[in-house]
2 protein chains.
Amino acid sequence: MSHQFDQTDMGILQLLQEDARLTHKELAHRLHKSVTPIHIRVRRLQEEGYIKRYAAILNQDKIGKSLTAFTQVQVKEHSQEGLLAFKEEIIKITEVMECYHMTGSFDFLLRIVIRDMKEYNDVLIDKLAKVKDIGHVESFFVISEIKHETAFSLHTKT
Amino acid sequence: MSHQFDQTDMGILQLLQEDARLTHKELAHRLHKSVTPIHIRVRRLQEEGYIKRYAAILNQDKIGKSLTAFTQVQVKEHSQEGLLAFKEEIIKITEVMECYHMTGSFDFLLRIVIRDMKEYNDVLIDKLAKVKDIGHVESFFVISEIKHETAFSLHTKT
DNA sequence: GGTGAAAGGTCCAGAGA
DNA sequence: TCTCTGGACCTTTCACC
């Protein structure tokens, strides 16, 4: 492995997180390098998995997804099979944008994005309630989004 | 306003959410159109704000951010100025990836991404605790990430 | 709305230092 | 590891349908 992660790599990642469509020429200019080394580094960062993928980030309201819910879920069965089965079911629910296994008084935290409360009800009744071993479910709703960042801050990373 | 959002627009958004670097030629091929109309539509979708931006999505572990916390915050002052001041302070904390104003027994939910528990402690003590009118704070930690999607599902959207 | 072609820019490999 | 160069491909515009 020859990846010594330097300042230039960090600069590339920082800039591409903010705008994935910067050309190599532009990156080279901003990082005071020429195009070829930038090209090589970007490819290496992709191949080594630093960059997972490039995504268009949409405006949630514009596409009619105005409601965001955070849903805390407890499961009845905490065996390995129980948890695995739960995960597989949850992944299939397209409205679930994020799902985490958590410490604390509940087991899973879900971020669910839908059009309105009617659609949330449908997800709860038709999809979530049908998952095996579901226990207590508690819902919290987003009043307003104050910050939603996809870019990690890398400034103090070595 | 001349934007009647059709199947082709939806296809473009769906595909670009998954891979922002698809060429117009490739999009055209997959959506059974030619290059120019795709080009015009992509530009319109950007200009009208459907597409907010293009982002490189990084591997959180690879860049040394192995810990994710969800932090519930109550504020003491619920006046308009109090809430506004809180928002302004929170936005500045670079470790806070997401912040939502919520319904329910707490006021704000934060997703905080850091290297380890030491760094979480630093954020709490040096940054969050210094925000004016902060009240009760409760922390929950991610054991494992089961799903983390940036792409909304558009299949039933009209 | 769509087609097709022309001009300019970008990507990416190869040779050489 | 970087610089330079050339060909292939992509983006973007324009005249026309």
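First the proteins, then the strands, lettered A, B, ... as listed; each starts at 1. Because the structure is a prediction, the values reported are computed rather than measured.
As a whole-Å value, the separation of L22(A) CG from dG9(C) P is 18 Å. For I38(B) and dT12(D), the CD1 to P distance is 14 Å, given to the nearest whole Å. Taking atom CD of residue E26(B) and atom P of nucleotide dC11(C), one finds them 18 Å apart after rounding to whole Å. Summarising the geometry, the separation between CD on E47(B) and P on dT12(D) is reported as 11 Å, rounded to the nearest angstrom. Rounded to an integer number of Å, the gap from CG of L31(B) to C1' of dG2(C) is 15 Å. dG1(C) atom P lies 10 Å from atom NZ of K33(B), rounded to whole Å. Following rounding to the nearest Å, I40(B) (CD1) and dT12(D) (C1') show an atom-to-atom distance of 10 Å.
In this structure, of dT3(C), dG2(C), dC2(D), it is dC2(D) that holds the atom nearest to the side chain of P37(A). Here dG1(C) is the nucleotide among dT3(C), dG1(C), dC10(D) with the atom lying nearest to any side-chain atom of R44(B).
In this structure, the side chains of Q80(A) and L83(A) stay at 4.5 Å or more apart for every pair of heavy atoms.
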Would you mind building the protein contact string for nucleotides 12-17 of chain C? One character per nucleotide, 5' to 3', B for base within reach (heavy atoms under 4.0 Å), S for sugar-phosphate only, - for untouched.
-> SS----
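Ion pairing of K127(A) with E95(A) is present here, as a side-chain N (NZ or NE/NH1/NH2) and a carboxylate O approach within less than 4.0 Å. With salt bridges taken as basic N to acidic carboxylate O contacts below 4.0 Å, none links D133(B) and K76(B).
Judged by the 6.0 Å and 45° rule, K62(B) forms a cation-pi pair with Y50(A).
Proximity of the aromatic rings of F141(A) and F70(A) is defined here by a centroid distance below 6.0 angstrom, and this criterion is not met.
Taking 4.0 angstrom as the limit, K25(A) places none of its side-chain polar atoms (N or O) nearer than this to OP1 or OP2 of dG9(C).
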Could you walk me through whether F108(B) and Y100(B) pass the ring pair (Phe, Tyr, Trp, His ring centres under 6.0 Å) check?
-> CA-CA 5 Å; F108(B) 295 93; Y100(B) 302 96; over 10 Å; no
